[in-house]
Amino acid sequence: MEKTYSFDLSGKNTFRMKVSCRCFIEYDSIADLIDIDFEDLLRPVKHIGAGSNILFTEDFPGTILHSRIKFIERIKEEGDEVLVSVGAGVVFDDFCAWAAGEGLWGPENLSHIPGEVGASAVQNVGAYGVEAKDIIKTVFCYDTLEEEMTRFEASECGFGYRDSIFKHEGVKDRYIVTHIVFRLSKAPAPKLDYGHIREALGDKELSPAAIRETITAVRRDKLPEVTDLGSAGSFFKNPVVPEDIYNKVKAVVGGDVKVPAYFLEDGLVKIPAAFLIEQCGFKGRRSGNVAVWDKQPLVIVNATGRALPDEVITLENKIRVSVREKFGISLVPEVEHI
Ligand code: EPU
């Protein structure tokens, strides 16, 4: 376990905001985590993963915790089903690579998403028609209040679109994800219906490795690599609106432009925020040290590496105001502001 005071967080958030925290603790095992005296920590306390969905808005006045619990273990096999236990500190894409290497189906569509395994349950990460909840069986946590290990079956996690109970008041500060049991499969289960995935696969033979390779290439093409350029992936959630608002969007953009939409239950429609932001003229727009990504305007990037939190927030607000004024839709950030 490592404990550092006045810690520079630039290497611990993919947006690369140059902020610090008063205390930073990285632990290597469940035993180490249990050893931490939570009563004694500088407050507030915040647990992070790879920091790939976070905007630090200022120096953090308390303690940041980070897990280095790293293991991937097959724990049970029954028929085609394989249960795999994975430590919260494992890079999520390393788990995807491992599963593809083993010929196991489940996480291949989630390949190349930045972040770590623990956060995948908190955030219910999703891409290309698959969400973490589809493969999560059980989430194991340390309960910092009762000071004991506990577990949540997937049905108890309140999973929704980029949401779970672990993001909600009363729960988020209490439970720390230590490891997750995923349910993978030896039987082919390709999910190819999102966007152009089927097309992008071409005539490749269907395997978890081939799908992983294709998804990785699609993501590399569209999204900035967090290793090259600071960002936190999608900055906003895709809004879900009643059909009359969707009709208003259609009227505003005019008959020639097709408004992309996914029709949900109860007359609700999900409209890609990327489309709305593009329509407001922000695609590729640079403002000081920050910019809206030119291939996917849902992403705000730290264009020079020197961006300050306030510059990101100013651009975020401009986008929100513009989308609200033009379409009457309030975008909600997907990135957590701390
Ligand atoms: N679009 C535009 N202009 C653009 C780009 C996209 O109008 O420049 C429209 C198109 O109609 C496109 C639609 O937006 O069909 C959807 O675009 P995309 O497939 O890139 O997905 P998204 O809805 O913008 C979501 C996730 C991404 C995930 C992709 C792929 C959210 C907030 N974001 O983006 O997740 O990779 O789907 O499944 O749900 C993340 O969470 O950080 C993330 C990158």
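Only heavy atoms go into these numbers, but all of them, side chains included; no hydrogens, no water, no symmetry mates. In this chain, residues are counted from 1 in sequence order. Counting starts at 1 for both ligands and their atoms, following the listed order. All values reported here derive from a predicted model rather than from experimental measurement.
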From the options [options], select the one whose nearest heavy atom is closest to [atom].
| atom | options | value |
| --- | --- | --- |
| atom 40 (C) of ligand 1 | Pro333, Pro272, Ser234 | Ser234 |
| atom 15 (O) of ligand 1 | Tyr262, Tyr194, Phe236, Phe275 | Tyr262 |
| atom 5 (C) of ligand 1 | Ala273, Ala127, Gly126, Ala274 | Ala274 |

### Message
Check for me whether the distance between the ring centres of His47 and Phe38 falls short of 6.0 Å.
### Response
no
Enumerate the atoms of ligand 1 whose separation from the nearest heavy atom of [X] is less than 4.0 angstrom.
| X | answer |
| --- | --- |
| Gly233 | 42 (O) |
| Lys283 | 4 (C), 8 (O) |
| Glu334 | 41 (O), 42 (O) |
| Arg219 | 36 (O), 44 (C) |

### Task
Decide yes or no for Phe56 and Ile64: does some side-chain heavy atom of the first lie under 4.5 Å from some side-chain heavy atom of the second?
yes
#### Entry: Within-4.5 Å side-chain heavy-atom neighbours: Gln279 and Leu276
no
### Task
Answer yes when Lys46 and Glu336 have at least one side-chain N-carboxylate O distance shorter than 4.0 Å, and no when they do not.
yes
### Message
Could you check whether Arg151 pairs with Glu156 (Lys NZ or Arg NE/NH1/NH2 to Asp/Glu carboxylate O, under 4.0 Å)?
### Response
no
### Message
So if I apply the side chain to side chain contact (heavy atoms under 4.5 Å, CB included) rule between Ile36 and each of Thr63, Thr144, Ile25, which one comes out positive?
### Response
Ile25
### Message
Just to check, does Pro297 reach to within less than 4.0 Å of ligand 1 when the distance is taken from its heavy atoms?
### Response
yes
Identity and distance of the protein heavy atom lying nearest [atom]:
| atom | value |
| --- | --- |
| atom 38 (O) of ligand 1 | Tyr128 N, 2.6 Å |
| atom 35 (O) of ligand 1 | Arg162 NH2, 2.9 Å |
| atom 39 (O) of ligand 1 | Tyr161 OH, 2.7 Å |
| atom 10 (C) of ligand 1 | Pro260 CG, 4.4 Å |
| atom 17 (O) of ligand 1 | Gln296 NE2, 3.8 Å |

### Task
Assign the ring pair Phe152 / Tyr175 to parallel, tilted or perpendicular, where the plane angle (0 to 90°) is split at 30° and 60°.
perpendicular
#### Entry: Donor-acceptor under 3.5 Å (Asn13 side chain, Leu9 main chain)
yes
### Query
Is ligand 1 under 4.0 Å from a heavy atom in the side chain of Lys295, in the backbone, in both, or in neither?
backbone
### Within 45° cone and under 6.0 Å: Lys12 NZ/CZ vs Phe7 ring
no
